[in-house]
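What follows is a short report on a single structure.
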Amino acid sequence: PRTFDLGAQSERWAAFQERHRLSCEEAARLLLDAYEYRGLVKHTGGCHCGAIRFEVWASPDLHVFNCNCSICTKKQNRHFIVPASRFKLLKGADNLRTYTFNTHRAQHTFCKTCGVQSFYTPRSNPDGYGIAPHCLDDGTVRTIITEDINGKEWEKAMKEHKTIRDMSKP
């Protein structure tokens with residue numbers, strides 16, 4: 001590992017680590033997260049039984065999509081989209097199962113124990129994640145704005161929507 005000369009900040013850094021009982025790596029992660037995800041909050045969540053746990057950096061004001069395609073209607077799948085770099089699976093990779101259909105681009109992941117889909121890889125953003133806001137832990141969501149998407153006419157809806165495909169870009 002490389003060491004850094006923190007100059008006049010060395011004592012401040014050491015005091016910060018000690019005060020918060022953080023290792024050097026934990027303190028650096030906290031600093032990087034605060035800088036890289038400015039204006040975002042760390043939401044945590046998971047499935048019903050707790051086998052799946054994740055964290056996601058997103059706005060406290062969520063833009064949630066309500067899609068009327070066949071699977072979203074049956075599952076009542078409402079979700080907001082984030083880049084893959086802002087999502088981290090904390091627990092349960094071995095408990096995830098995946099369902100696909102039609103183009104097989106969307107990866108509908110769910111917990112094999114309780115059946116809850118707390119996140120998935122959407123067809124519109126295969127480089128990101130669709131997160132179910134109702135699977136987030138309490139305390140970090142300020143507001144939710146819901147936008148209806150005509151998933152029954154998916155190709156047309158994606159052509160007409162000006163920003164959905166860019167939502168998984170950092």
query = Which residues satisfy the side-chain contact (heavy atoms from CB on, under 4.5 Å) test with Glu11, sequence neighbours excluded?
reply = none
request  = Indicate if Val82 and Phe54 have the same hydrophobic cluster label, given that clusters are the connected sets of ILVMFWY residues with side-chain heavy-atom separations under 4.5 angstrom.
outcome  = yes
request  = Output the distance between atom CG (Leu136) and atom OG (Ser118), rounded to the nearest 0.5 Å.
outcome  = 9.0 Å
task = Kindly state each residue pair satisfying ring-ring contact (aromatic ring centres under 6.0 Å, His included) with at least one member in residues 146-170, sequence neighbours excluded.
result = Phe65-His161
key: Contacts of type salt bridge (Lys or Arg N to Asp or Glu O under 4.0 Å), residue Arg86, not counting sequence neighbours   = none
key: side-chain hydrogen bond (donor to acceptor under 3.5 Å, both in side chains) partners of Lys75, counting only residues at least two apart   = His108, Gln117
query = salt bridge (charged side-chain N to carboxylate O under 4.0 Å, His left out): which pairs involve residues 120-132, sequence neighbours left out?
reply = Arg123-Glu155, Asp127-Lys169
request  = Taking all non-hydrogen atoms of both residues into account, name the closest pair between Cys135 and Val116 and its distance.
outcome  = SG-CG1, 3.7 Å
message = Could you work out, with side-chain contact (heavy atoms from CB on, under 4.5 Å) as the rule, every residue matching Cys24, not counting sequence neighbours?
response = Trp13, Gln17
ask   = Between Thr73 (side chain) and Asn68 (backbone), is there a donor-acceptor pair under 3.5 Å?
value = yes
query = At their closest point, which heavy atom of Asn150 faces which heavy atom of Ala157, and how far apart are they?
reply = O-CB, 3.4 Å
request  = Identify, with sequence neighbours excluded, every residue that meets side-chain contact (heavy atoms from CB on, under 4.5 Å) alongside Cys69.
outcome  = Cys67, Ile71, Cys72
request  = Tell me whether Ile52 is reachable from Phe87 by hopping between hydrophobic residues (I, L, V, M, F, W, Y) whose side-chain heavy atoms are closer than 4.5 Å.
outcome  = yes
message = Let me confirm one number: the CZ-OG1 distance from Arg105 to Thr121, rounded to the nearest 0.5 Å.
response = 11.0 Å
ask   = Would one find more than 12 heavy atoms of other residues, nucleotides or ligands at under 6.0 Å from atom NE2 of His134?
value = yes
key: Spacing of Thr109 atom OG1 and Leu96 atom CG [to the nearest 0.5 Å]   = 5.5 Å
query = Among all residues two or more places apart in sequence or in another chain, which pass the side-chain hydrogen bond (donor to acceptor under 3.5 Å, both in side chains) test with Thr44?
reply = Asp137
inquiry  = Quick check for you: to the nearest 0.5 Å, what is the distance between Ile81 atom CD1 and Ile131 atom CD1?
reply    = 9.5 Å
query = Is the side chain of Ser23 donor-acceptor paired with the backbone N or O of Glu26 at a distance under 3.5 Å, no angle test?
reply = yes
ask   = For the atom pair CE (Met158) and CD1 (Ile164), what is the distance rounded to the nearest 0.5 Å?
value = 4.0 Å
task = Would you check, one step at a time, whether the test side chain to side chain contact (heavy atoms under 4.5 Å, CB included) holds for Phe80 with Val141?
result = CA-CA 12 Å; Phe80 62 97; Val141 176; over 6 Å; no
key: Heavy-atom closest contact (Pro122 atom, Gly130 atom, distance)   = CD-N, 3.5 Å
Salt bridge (Lys or Arg N to Asp or Glu O under 4.0 Å) involving Glu18 - partner list, sequence neighbours excluded = none
task = Scan for salt bridge (charged side-chain N to carboxylate O under 4.0 Å, His left out) pairs involving residues 89-102, sequence neighbours excluded, and state none if there are none.
result = none
ask   = Taking atom CZ of Arg12 as the centre, does the number of heavy atoms from other residues, nucleotides or ligands within less than 6.0 Å exceed 12?
value = no
key: Nearest atoms (heavy-atom pairs only) where Thr140 meets Lys42   = CG2-O, 3.7 Å
Atom of Ala51, atom of Cys47 and distance for their closest heavy-atom approach = N-SG, 3.5 Å
key: Verdict with reasoning, Leu62 to Ile145, per side chain to side chain contact (heavy atoms under 4.5 Å, CB included)   = CA-CA 6 Å; Leu62 301 179; Ile145 296 170; over 6 Å; no
task = Could I get the full list of side-chain contact (heavy atoms from CB on, under 4.5 Å) partners for Ser70, not counting sequence neighbours?
result = Phe101
ask   = Backbone N or O of Gly45 within a donor-acceptor pair of the Arg53 side chain at under 3.5 Å?
value = yes
ask   = Between His43 and Glu55, is any side-chain donor less than 3.5 angstrom from a side-chain acceptor?
value = no
inquiry  = Ser85: which residues meet the side-chain hydrogen bond (donor to acceptor under 3.5 Å, both in side chains) condition with it, sequence neighbours left out?
reply    = none
ask   = Roughly how far, to the nearest 0.5 Å, is the CG atom of Asn66 from the CG atom of Asn77?
value = 9.0 Å
ask   = Do Leu89 and Phe119 come within less than 4.5 Å of each other through their side chains, counting heavy atoms only?
value = yes
query = Does the Gln107 side chain pair with the main chain of His104, one donor and one acceptor, at a distance under 3.5 Å?
reply = yes
ask   = Do you reckon Val56 sits in the same ILVMFWY cluster as Leu90, going by side-chain contacts under 4.5 Å, direct or chained?
value = no
ask   = Between Tyr129 and Tyr120, is a side chain to side chain contact (heavy atoms under 4.5 Å, CB included) present by the stated rule, with each step listed?
value = CA-CA 6 Å; Tyr129 288 94; Tyr120 80 112; over 6 Å; no
